Visitor: 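A single structure is presented below for examination.
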Amino acid sequence: MEENTVDVTVVIPVYNMEAYLDRCVKSVLAQTLPNIEIILVDDGGSDGSVAMCDDYASAYPDKVRVIHKENGGLTSAWKAGSSQARGRYIGYVDSDDFILPDMYETLFNRIEKEQADIACCGVRHIYEDGDHEEWDDQMEFPTDVFEPAAIREEMFPVLINDGSFMGRRLHPNRVTKLVKASLVKKNLPLCSDAVSIGEDFQFSLCMFLDAQKIVVVKDYFPYYYYMNHASMTMKYDPQYMSKIKVMKENLLRISQEKGSYDFSEQIWNDFLCLTILHIKGGIYKKRSVPYKEHRQDMKTVCNDPDVIEALQKYHMPKLTLGERLFIFLIKHHMYFAIFLAVRIYFR
């Protein structure tokens with residue numbers, strides 16, 4: 001089968017997801033869009049999902065292909081699948097999630113009708129333990145079709161940060177987007193395997209910077225994002241700051257190399273927001289440890305050169321009074337006040 005002979009290629013990265021993989025693959029096999037292919041990318045797994053991938057390829061030889069590779073992380077996995085896609089468009093499903101049967105037919109029909117480069121939909125969050133209420137999320141823009149002028153004038157100024165705390169108008173996730181294959185393959189070299197937090201952000205930023213037309217299918221939530229216990233972990237990550245710095249640097253590099261719009265202020269805004277979440281999360285997640293340890297954690301973060309630079313460069317006029325106060329406490333290294341504020345808020 002040659003390239004572009006399939007309407008849609010769906011890439012599914014797989015790493016030790018034996019418990020969820022069958023539900024995921026069956027939901028893609030059940031798509032009402034007939035002319036699709038599925039690429040399962042085994043990222044060096046060690047559980048039964050490795051054999052399951054081969055079984056799907058044997059059972060559906062005209063529909064499913066498998067790539068086995070050494071473990072390299074999520075970005076390397078979806079890049080490997082994307083590079084071998086034969087479809088005119090590429091979509092993604094993570095192996096613990098599932099989708100409604102009409103998802104790709106809906107997105108494909110819309111992207112074809114509008115002759116667009118990207119079609120976006122919403123996502124529904126569901127929880128493994130059943131104790132949390134399901135909720136829907138989508139990109140909030142005043143219109144649903146964006147041509148070059150609207151992309152630059154309406155999307156770009158608020159894409160990564162709209163001036164509010166975590167004000168991301170662009171939902172970074174790959175999985176709610178159907179993208180022209182040529183656009184994806186062109187940008188694979190810019191997506192770094194080293195990024196381990198915000199892997200999808202680099203993908204989406206590249207796509208949106210190069211797209212000539214984008215459509216958003218509003219109030220449509222066919223993608224079910226499954227919040228399992230692993231993704232809901234409350235474990236403190238001592239490497240979190242180094243990880244978000246890698247993400248920040250890669251986004252700045254992409255923005256600079258593309259040269260079509262300066263996102264640097266928005267990227268620094270986003271980095272500062274993630275830093276604040278890390279400080280708050282550390283105090284909450286490590287609530288059993290003494291204040292002395294919290295103080296050292298906060299001191300390390302607040303004296304980080306990148307954090308100091310972010311505090312100088314950020315511009316978020318839509319912050320609440322409480323958010324402004326919290327940034328003031330960080331900027332002036334008022335560690336005990338930060339500690340008390342978080343403890344009182346999360347008590």
Side-chain angles (χ1 to χ4, degrees), residues 1-15 17 21 24-25 27-29 31 33 35-45 49 53 56-57 60 63-97 99 103-104 107-108 111-112 116-121 123 170-196 198-212 214 223 247 250-251 253-254 257-258:
M1 188 181 296
E2 297 179 358
E3 190 173 350
N4 296 332
T5 57
V6 178
D7 288 332
V8 170
T9 295
V10 181
V11 177
I12 305 177
V14 182
Y15 180 72
M17 281 292 172
L21 185 59
C24 171
V25 175
S27 75
V28 183
L29 287 168
Q31 290 298 291
L33 182 69
N35 190 22
I36 69 171
E37 68 166 353
I38 301 169
I39 299 180
L40 300 171
V41 185
D42 161 40
D43 190 34
S49 62
C53 288
Y56 295 125
Y60 304 94
K63 186 79 74 172
V64 179
R65 289 190 288 147
V66 178
I67 298 171
H68 293 288
K69 61 183 285 295
E70 292 184 2
N71 180 252
L74 179 59
T75 298
S76 73
W78 67 253
K79 282 170 63 177
S82 301
S83 67
Q84 296 193 31
R86 297 165 179 161
R88 295 164 52 211
Y89 303 96
I90 302 177
Y92 302 89
V93 180
D94 287 340
S95 52
D96 53 345
D97 301 333
I99 58 178
M103 174 170 167
Y104 283 111
L107 293 178
F108 176 77
I111 205 170
E112 284 279 284
D117 297 307
I118 304 172
C120 311
C121 64
V123 59
L170 169 62
H171 287 189
N173 38 25
R174 286 167 292 112
V175 296
T176 57
K177 298 169 182 66
L178 184 64
V179 186
K180 188 175 289 185
S182 58
L183 199 62
V184 174
K185 294 179 180 182
K186 169 188 174 183
N187 283 289
L188 290 179
L190 281 177
C191 295
S192 171
D193 295 355
V195 177
S196 59
E199 300 97 333
D200 289 355
F201 220 141
Q202 56 183 343
F203 167 85
S204 294
L205 183 59
C206 285
M207 301 305 123
F208 275 61
L209 279 170
D210 283 353
Q212 292 299 302
I214 301 167
Y223 191 95
M247 180 188 76
N250 200 49
L251 294 178
R253 178 177 61 85
I254 290 169
E257 288 194 19
K258 293 291 185 184

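Quick caveat: nothing in here was measured; it's all calculated off a predicted structure.
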Visitor: Given side chains that start at C-beta, do those of Leu188 and Trp78 come closer than 4.5 Å, heavy atoms only?
Guide: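 Leu188 reaches Trp78 side chain to side chain.
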Visitor: To the nearest 0.5 Å, what is the distance between OG (Ser182) and CG (Asp117)?
Guide: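 Spacing of OG (Ser182) from CG (Asp117) equals 7.0 Å.
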Visitor: Do you know the tightest heavy-atom contact between Tyr223 and Ile99?
Guide: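 Looking at all heavy atoms of both residues, the shortest contact is CD1-CG2, 3.4 Å.
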Visitor: Could you pull out all residues at least two apart from Tyr15 that satisfy ring-ring contact (aromatic ring centres under 6.0 Å, His included)?
Guide: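 For Tyr15, no residue satisfies ring-ring contact (aromatic ring centres under 6.0 Å, His included) once neighbours in sequence are set aside.
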Visitor: Excluding sequence neighbours, so at least two apart, what forms ring-ring contact (aromatic ring centres under 6.0 Å, His included) with Tyr56?
Guide: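 For Tyr56, no residue satisfies ring-ring contact (aromatic ring centres under 6.0 Å, His included) once neighbours in sequence are set aside.
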Visitor: About how many Å separate SG of Cys191 and CE of Met207, when rounded to the nearest 0.5 Å?
Guide: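 With rounding to 0.5 Å, CE (Met207) is 5.5 Å from SG (Cys191).
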Visitor: For the NE2 atom of His171 and the SG atom of Cys120, what is their distance to the nearest 0.5 Å?
Guide: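 One gets 10.0 Å once the value is rounded to the nearest 0.5 Å.
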Visitor: Restricting to side chain to side chain contact (heavy atoms under 4.5 Å, CB included), what partner residues turn up for Ile67, sequence neighbours left out?
Guide: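 Counting only residues at least two positions away or on another chain, Ile67 forms a side chain to side chain contact (heavy atoms under 4.5 Å, CB included) with Ile39, Val41, Gln84.
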Visitor: Taking all non-hydrogen atoms of both residues, which atom of Lys177 and which atom of Ser204 are closest, and how far apart?
Guide: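 Nearest heavy atoms, Lys177 then Ser204: CE-OG, 3.6 Å.
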Visitor: For a 4.5 angstrom cut-off between non-hydrogen side-chain atoms, does Met103 reach Gln31?
Guide: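 A side-chain contact under 4.5 Å exists here.
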Visitor: Nearest heavy-atom pair of Ala80 and Ser83: which atoms, and what distance?
Guide: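 Taking Ala80 first and Ser83 second, the nearest heavy atoms are O-OG, 2.8 Å.
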Visitor: Measure from the side-chain N and O atoms of Asp7 to the backbone N and O of Ile36, and report whether any donor-acceptor pair falls under 3.5 Å.
Guide: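 The answer is no, because no donor-acceptor pair under 3.5 Å joins these two groups.
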Visitor: Looking only at atom types and distance, does a side-chain atom of Glu37 sit under 3.5 Å from a main-chain N or O of Val6, one as donor and one as acceptor?
Guide: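 No, the answer is negative, given that no donor and acceptor are paired below the 3.5 Å cut-off.
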Visitor: Which pair of non-hydrogen atoms, one from Leu178 and one from Gly91, has the smallest distance, and what is that distance?
Guide: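 What the structure gives for the nearest pair is CD1-N, 3.9 Å.
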Visitor: Mind checking the OH-CG spacing from Tyr92 to Asp200? Nearest 0.5 Å is all I need.
Guide: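 With rounding to 0.5 Å, OH (Tyr92) is 9.5 Å from CG (Asp200).
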Visitor: To the nearest 0.5 Å, what is the distance between CG (Asp210) and CD (Gln212)?
Guide: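 Between Asp210 CG and Gln212 CD, I get 8.5 Å after rounding to 0.5 Å.
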Visitor: Could you tell me which residues satisfy side-chain hydrogen bond (donor to acceptor under 3.5 Å, both in side chains) with Thr176, sequence neighbours excluded, listed by chain and number?
Guide: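 Only Asn173 meet the side-chain hydrogen bond (donor to acceptor under 3.5 Å, both in side chains) criterion with Thr176.
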Visitor: So which of Asp96, Asp97, Ile12 actually passes side-chain contact (heavy atoms from CB on, under 4.5 Å) with Cys24?
Guide: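 By the side-chain contact (heavy atoms from CB on, under 4.5 Å) criterion, Cys24 pairs with just one of Asp96, Asp97, Ile12: Ile12.
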Visitor: Is there a side-chain contact between Leu190 and Gln202 in this structure, where contact means two heavy atoms from C-beta onward sitting under 4.5 Å apart?
Guide: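 Of all side-chain heavy-atom pairs linking Gln202 with Leu190, none is under 4.5 Å.
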Visitor: Can you check whether Pro13 reaches Leu74 side chain to side chain, under 4.5 Å on heavy atoms?
Guide: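 Side chain of Pro13 against side chain of Leu74, heavy atoms only: contact under 4.5 Å found.
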Visitor: Donor-acceptor pair, distance only, cut-off 3.5 Å: does the side chain of Lys79 make one with the backbone of Asp193?
Guide: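 No.
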Visitor: Look only at the side chain of Arg174 and the backbone of Asp94, and say whether a donor-acceptor pair between them is shorter than 3.5 Å.
Guide: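 It does not hold such a pair.
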Visitor: Check whether any side-chain N or O of Ser95 sits under 3.5 Å from a backbone N or O of Leu21 as a donor-acceptor pair, and report yes or no.
Guide: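 It does not hold such a pair.
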Visitor: Which is it for Ile254 and Asn187 under the side-chain contact (heavy atoms from CB on, under 4.5 Å) test, yes or no, and what are the steps along the way?
Guide: CA-CA 10 Å; Ile254 290 169; Asn187 283 289; over 6 Å; no
Visitor: Is any side-chain heavy atom of Phe201 closer than 4.5 Å to a side-chain heavy atom of Asn250?
Guide: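 No, every pair of side-chain atoms sits at 4.5 Å or beyond.
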Visitor: Can you give me the closest heavy-atom contact between Ser76 and Lys69, atom names plus distance?
Guide: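 Where Ser76 meets Lys69 most closely, the heavy atoms are OG-NZ, 2.9 Å.
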Visitor: Is there side-chain contact between Glu112 and Arg88, with at least one heavy-atom pair below 4.5 Å?
Guide: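 Yes, at least one pair of side-chain atoms sits under 4.5 Å.
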Visitor: Find the distance between CD1 (Ile118) and NZ (Lys180) and round it off to the nearest 0.5 Å.
Guide: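 One finds 10.0 Å between CD1 of Ile118 and NZ of Lys180.
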Visitor: Could you pull out all residues at least two apart from Ser196 that satisfy side chain to side chain contact (heavy atoms under 4.5 Å, CB included)?
Guide: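 Lys243.
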Visitor: Test of understanding: with ring-ring contact (aromatic ring centres under 6.0 Å, His included), list the residues that count as partners of Phe208, not counting sequence neighbours.
Guide: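 With neighbours one apart ignored, the set is empty.
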Visitor: If we only count heavy atoms from C-beta on, is the Ile111 to Leu107 side-chain gap below 4.5 Å?
Guide: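 No, side chains not in contact.
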Visitor: Just wondering, do Phe203 and Thr75 contact through their side chains at under 4.5 Å, heavy atoms?
Guide: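 Answer no - side chains too far apart.
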Visitor: So which heavy atom on Cys53 is nearest to which on Val66, and how close?
Guide: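 Smallest interatomic distance, heavy atoms only, reads O-CG2, 3.1 Å.
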